[in-house]
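Comments concern the structure below.
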There are 2 protein chains.
Amino acid sequence: MDAARSHRTPSGDVANEILRAAAALLGEHGPEALTIRRIASVAGVAPMSVYNHFGDKGGVVEALFRSGFTALHDAMEAANAIADPFVALRASGRAYRQFALDRPAVYKVMFSHVIPEFTPSSDALMDTVSSFSTLVTILERCQEASIIVGGDANVLAQHLWSMIHGYVALGHAGISKIEAAEDDFEQFLDRTLLGFAVRPTS
Amino acid sequence: MDAARSHRTPSGDVANEILRAAAALLGEHGPEALTIRRIASVAGVAPMSVYNHFGDKGGVVEALFRSGFTALHDAMEAANAIADPFVALRASGRAYRQFALDRPAVYKVMFSHVIPEFTPSSDALMDTVSSFSTLVTILERCQEASIIVGGDANVLAQHLWSMIHGYVALGHAGISKIEAAEDDFEQFLDRTLLGFAVRPTS
DNA sequence: CAGTGTAGTAGAACGGTGTTCTAGTATATG
DNA sequence: CATATACTAGAACACCGTTCTACTACACTG
């Protein structure tokens, strides 16, 4: 057997190995590390396999983008599963931020365009809707419980999302001007909810 | 005279021509357009001149970054010059957003890390402080006028900045889930200020 | 004004990138 | 078992950031 061809990844594993390698590279070394050759090398496959499975580099990035939104949706759904609407609302804010803290690199791919040549497909953009819908649902639950009075839940969700995203994003950009207190995010959350004229149940 | 060397930019103009070209390319074609050869071509200079004047590509990007913060600071100072503190506060929010709308590409370089290989120097990061300080000043004026009661002006500024940035950034990312109403930003501003327990003077 | 130093220019080269293509070979499938 | 499919290696190309060399046009000084 030719030693130069001693390794060959089983067909069923190739795509997953590529994605696993890409996610690891992105998380550990940032977006610049996402080169075809490096992904292939870490995945232990031939560079051409990336094209065979994902079409081009953008296909890999899109898969990461979409998996990020899937995970974010799951986190929001877990918050929504909490019985008390107010607690669910706060939990959604925390879950959102926690996601961004746990996976900053993916978060930036999802929201901050850190891979400038990547443009999500319309299919991928559909994926972004699900986490948003969950937030709308949570806000509707708060409205039904009279925790929040009035307003279009979609508008409320967009505003709330903006606020939390802003907090997270500035933190990521290293443009915090002050040393954040231990409970700064909770204070921030208090302030945002105050802006929704929220009346807590507890 | 050798026709191939018929053009030579006067020494005093080279850096400015490079910066002008870079800003135009960034604004019109996005961060991927910022290549040394393309900048040089648009500027009408030799690629080596970019290195002579800016050290490397990052030097060009840093100059754009810093000029962005200078302009943002100017916009915030104009808002701060308004006599009524509450009006000044609202105006600062509008000015911030208007800046981002007018110059989205520069804004993204400043806040969204859209050029992944670029890391601002510590000098450049000092530039980011001035606009923030102006916002702190505006909030302190509101406190002095009892429009806002209590709280550390620095923390308030960080939170407010986060909120407005979030609104702007999600808009840039094209992740708005809803059709924004004509006055959506004003409503958003109302909501953020409500979160600061703001009592308007007018 | 002439001479010298400086800076702008053109071009080449190198390692790296994304992508496309070709040909060989090991699995996967029927 | 035979054939089709998919994985692999390698080459090539245009483009990128960067570095280097040599030439030439200004800019400055005496």
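Since this is a predicted model, take the numbers as computed values, not measurements. Protein chains get the first letters and strands the later ones, always in sequence-line order, with residue 1 at the start of each. Values below: every heavy atom of this structure, side chains too, minus hydrogens, waters and symmetry copies.
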Is a side-chain N or O of A:Ser49 found less than 3.5 angstrom from the main chain of A:Val45, in a donor-acceptor match?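 It does not hold such a pair.
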
Tell me the interatomic distance from [X], atom [atom1], to [N], atom [atom2], rounded to whole angstroms.
X: A:Ile39; N: C:dG16; atom1: CD1; atom2: C1'; answer: 15 Å
X: B:Ile36; N: C:dA12; atom1: CD1; atom2: P; answer: 19 Å
X: B:Met48; N: D:dT18; atom1: CE; atom2: C1'; answer: 9 Å

Without placing hydrogens or testing angles, list every side-chain donor-acceptor pair under 3.5 Å for residues 185-195 of chain A, not counting sequence neighbours.
unit_1	atom_1	unit_2	atom_2	d
A:Glu186	OE1	A:Arg90	NH2	3.0
A:Glu186	OE1	A:Arg94	NH2	3.4
A:Glu186	OE2	A:Arg94	NE	2.8
A:Gln187	NE2	A:Asp183	OD1	3.3
A:Asp190	OD1	A:Arg90	NH1	2.8
A:Asp190	OD1	A:Arg90	NH2	3.0
A:Arg191	NE	B:His159	ND1	3.2
A:Thr192	OG1	A:Leu189	O	2.8

What does B:Asp56 touch in the nucleic acid at a heavy-atom separation under 4.0 angstrom: a base, only the sugar-phosphate, or nothing?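 Sugar-phosphate: the residue B:Asp56, judged by heavy atoms under 4.0 Å, touches backbone atoms but no base.
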
Evaluate the criterion side-chain contact (heavy atoms from CB on, under 4.5 Å) for residue pair A:Asp184 and A:Tyr167; output intermediate values, then yes/no. CA-CA 10 Å; A:Asp184 187 59; A:Tyr167 188 91; 2.6 Å; yes

Distance criterion of 3.5 Å, no angle test: do you see the side chain of [X] paired donor-to-acceptor with the base of [N]?
X: A:Arg38; N: C:dT17; answer: no
X: A:Arg8; N: D:dA9; answer: no
X: B:Arg37; N: D:dG17; answer: yes

Considering heavy-atom distances to DNA chain C, does B:Val45 or A:Ser11 have its closest nucleotide positioned more toward the 5' end? B:Val45

In terms of side-chain heavy atoms of B:Ala46, which of C:dA28, D:dT18, C:dA10 is nearest? C:dA10

Kindly point out which of C:dG8, C:dG11, C:dT19 is positioned nearest to the side chain of B:Val14? C:dG8

What about B:Tyr107 and B:His165, are their ring centers closer than 6.0 Å? yes

Ring centers of B:Phe69, B:Phe111 separated by less than 6.0 Å: yes

Among all residues two or more places apart in sequence or in another chain, which pass the salt bridge (charged side-chain N to carboxylate O under 4.0 Å, His left out) test with B:Arg20?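 Result, salt bridge (charged side-chain N to carboxylate O under 4.0 Å, His left out) vs B:Arg20: B:Glu17.
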
In sequence, state the C-alpha distance, the side-chain angles, and the governing distance for A:Ser92 and A:Asn80, and then conclude on side-chain contact (heavy atoms from CB on, under 4.5 Å). CA-CA 7 Å; A:Ser92 71; A:Asn80 188 28; over 6 Å; no

Proximity to DNA chain C (any heavy atom under 4.0 Å), residues of residues 20-35 of chain B only: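 Within residues 20-35 of chain B, no residue comes under 4.0 Å of DNA chain C.
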
Should A:Ser49 be listed as having a side-chain N or O under 4.0 Å from OP1 or OP2 of D:dA6? no

Relative to the 5' end of DNA chain D, which residue comes earlier, B:Gly12 or B:Tyr51, by the nucleotide with the nearest heavy atom? B:Tyr51

